[in-house]
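One structure below.
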There are 2 protein chains.
Amino acid sequence: MADGGEPGTLRPGGRTARVREAVLRAAEDALTEEGFTGLDLADIARRAGVGKTTVYRRWGTVTGLVADLLADMAEQSSPRTETGSLLGDLTANARLVHRTLTDPRQGALFKALIAAATGDARTAAALHRFYDIRVREWAPCVRQAVERGEAPEGTDAQEVIRAVSAPLYYHLLISGGRLDEAVADRAAQAAAIAARSGVYVRQPAGG
Amino acid sequence: MADGGEPGTLRPGGRTARVREAVLRAAEDALTEEGFTGLDLADIARRAGVGKTTVYRRWGTVTGLVADLLADMAEQSSPRTETGSLLGDLTANARLVHRTLTDPRQGALFKALIAAATGDARTAAALHRFYDIRVREWAPCVRQAVERGEAPEGTDAQEVIRAVSAPLYYHLLISGGRLDEAVADRAAQAAAIAARSGVYVRQPAGG
DNA sequence: GCTCTAACGGGTCTGTGGTTCCGTTAGGGG
DNA sequence: CCCCTAACGGAACCACAGACCCGTTAGAGC
């Protein structure tokens with residue numbers, strides 16, 4: 001009678017964890033191959049080798065499952081490289097994002113995740129959290145540049161990192177142009193120059 | 001027996017045109033209010049005051065209808081302003097995009113359109129065409145800046161315009177951060193400085 | 001290793017988005 | 001102004017995603 005809450009919270013070990021893992025991987029595959037529109041929880045259950053009832057009970061809706069997938073993806077982090085210069089670090093970041101988005105599977109997955117987030121507040125929150133974590137991981141390279149004197153005091157490190165990614169996502173989702181490495185390098189250069197010039201200094205002192 | 005092609009092509013005037021107009025406006029409203037996910041052709045037909053059979057026959061699928069809506073939107077163009085300086089023109093552009101994306105209805109509509117494009121090639125092509133037209137409309141202000149000597153010869157005007165929009169769309173779709181006017185102004189400043197520095201010169205001559 | 005019950009899963013039912021059928025309305029050429 | 005037929009529209013039909021029921025499996029505490 002007195003249930004503790006959502007299914008999977010009282011006995012999260014063993015089988016439950018295996019099922020979650022299998023379903024999230026299946027969801028990732030399905031999103032990648034079918035896109036967000038062509039998604040079907042029964043198909044995901046089949047891919048994962050679990051009963052579809054389980055998927056409906058644990059996650060309820062497609063967007064709920066995508067939100068959980070994003071939370072899971074947010075856990076895993078890939079460490080960043082350090083080159084010693086702002087432009088070098090931003091270029092490394094831009095090329096990492098570029099590689100991810102141009103990879104056929106990963107690119108399709110991210111497109112689907114972003115599409116899912118446009119239609120559901122919880123999924124959107126999960127997506128924002130995922131990118132917030134990724135941006136925070138790279139922000140230190142901007143702060144180091146400030147310490148080296150490459151960028152002015154008060155520079156918004158996270159905004160600089162976002163500025164590097166933005167043109168790549170714009171090409172992927174909106175303009176549809178060729179997403180070659182030159183686009184990534186230009187994005188890094190533009191962000192580096194703008195950061196050096198103080199464009200990303202918080203609360204500009206009237207100018 | 002020998003049909004000429006798609007419905008609506010042989011007798012495109014009068015009633016057919018009125019129906020198309022009503023359905024596209026209804027689709028716009030539905031996309032804005034329900035988002036791409038919660039879209040239903042029967043609901044659109046109801047809103048438009050036409051039979052749902054008509055909508056299915058003329059457009060077939062939701063994505064087909066969205067693609068047609070984008071083609072229709074691409075027709076209407078809003079003229080740009082000219083301020084006399086690159087930064088001024090880019091700021092005007094950034095604020096225009098900012099106003100569009102922060103308007104509750106327009107912002108929701110564009111989110112839905114972009115989401116629709118991620119899942120269907122025809123819709124994606126229509127979206128790319130729409131933005132290509134808008135970008136081309138603003139490109140002249142960059143070319144004028146080149147003539148004035150504000151930016152180096154060979155600057156890719158369209159890429160500069162895209163660089164202005166990119167951070168705004170990144171915030172709207174991905175980071176979820178506050179989309180205030182400062183973001184727009186920073187985007188314009190960053191693009192202007194990068195353009196001046198030659199970041200957007202085509203085929204950089206090694207350097 | 002026994003028990004209790006959280007969590008899984010096959011099978012069935014149902015609401016609704018999408019299709020088809022066929023009669024009705026109204027462009028547009030003669 | 002009349003006719004022909006392109007295009008519209010109501011209604012019945014169908015398939016399938018998602019909800020529900022109830023028996024089965026396997027964590028976790030003693």
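Each chain gets a letter, A, B and so on, in the order the sequences are listed, and its residues count up from 1.
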| query | Is it true that atom CZ of A/Arg47 has more than 12 heavy atoms of other residues, nucleotides or ligands lying nearer than 6.0 Å? | reply | yes
| task | Only one of B/Leu70, B/Ile44, B/Thr123 passes side-chain contact (heavy atoms from CB on, under 4.5 Å) with B/Leu65; say which it is. | result | B/Ile44
Closest listed nucleotide, where the reference is the side chain of [X] and the choices are [options]:
{"X": "A/Thr16", "options": "C/dA7, D/dC8, C/dG9", "answer": "C/dA7"}
{"X": "A/Thr53", "options": "C/dC8, C/dG10, D/dC8", "answer": "C/dG10"}
{"X": "B/Thr54", "options": "C/dC8, C/dG17, D/dC8", "answer": "D/dC8"}
{"X": "B/Arg18", "options": "D/dC8, C/dG27, C/dC8", "answer": "C/dG27"}
{"X": "A/Val50", "options": "C/dG9, C/dA7, D/dG18", "answer": "C/dG9"}

| Taking five pairs at each end, how big is the angle between the two axes of the helix from C/dG1-D/dC30 to C/dG30-D/dC1, to 10°? | 50°
| said: Measuring to OP1 and OP2 of C/dT19, would you say a side-chain N or O of B/Tyr56 lies under 4.0 angstrom away? | reply: no
| query | Is the distance from OP1 or OP2 of C/dC8 to the nearest side-chain N or O of A/Arg58 less than 4.0 Å? | reply | yes
| query | Is there a side-chain hydrogen bond (donor to acceptor under 3.5 Å, both in side chains) between B/Tyr169 and B/Tyr131 once you walk through the steps? | reply | CA-CA 12 Å; B/Tyr169 281 92; B/Tyr131 278 102; 2.7 Å; yes
| Qualifying salt bridge (charged side-chain N to carboxylate O under 4.0 Å, His left out) pairs, either residue in residues 111-125 of chain A, two or more places apart | none
| field | Contact list for residues 157-169 of chain B, test salt bridge (charged side-chain N to carboxylate O under 4.0 Å, His left out), sequence neighbours left out | value | A/Arg186-B/Glu159, B/Glu159-B/Arg162
Got a sec, which residues hit side-chain contact (heavy atoms from CB on, under 4.5 Å) with [X], two or more places apart in sequence or on another chain?
{"X": "A/Arg143", "value": "A/Ala139, A/Pro140, A/Ala157"}
{"X": "B/Thr83", "value": "B/Ser85, B/Asp89"}
{"X": "B/Glu21", "value": "B/Arg25"}
{"X": "B/Tyr56", "value": "B/Asp40, B/Leu41, B/Lys52"}

With heavy-atom distances below 4.5 Å as the criterion, would you say the side chains of [X] and [Y] are in contact?
{"X": "B/Leu90", "Y": "B/Ile161", "answer": "yes"}
{"X": "A/Asp68", "Y": "A/Trp59", "answer": "yes"}
{"X": "B/Leu69", "Y": "B/Leu113", "answer": "yes"}

| D/dT25 C1' sits how many Å from A/Arg57 CZ, rounded? | 12 Å
| request: Using only heavy-atom distances, decide whether a donor-acceptor pair under 3.5 angstrom links the side-chain of B/Lys52 to the base of C/dG17. | output: no
| note | Sorted by chain and number, sequence neighbours left out, side-chain hydrogen bond (donor to acceptor under 3.5 Å, both in side chains) with B/Asp103 holds for none
| Residues in side-chain hydrogen bond (donor to acceptor under 3.5 Å, both in side chains) contact with B/Arg95, at least two apart in sequence or another chain | B/Asp185
| message | Let's see if you get this right: which residues in residues 22-46 of chain A place a heavy atom under 4.0 Å from DNA chain D? | response | A/Asp40, A/Leu41
| query | For residues 112-124 of chain B, which residues have at least one heavy atom under 4.0 Å from DNA chain D? | reply | none
Sort me out a list of protein N/O and nucleotides 1-3 of chain C N/O pairs below 3.5 Å, or just none if empty.
none

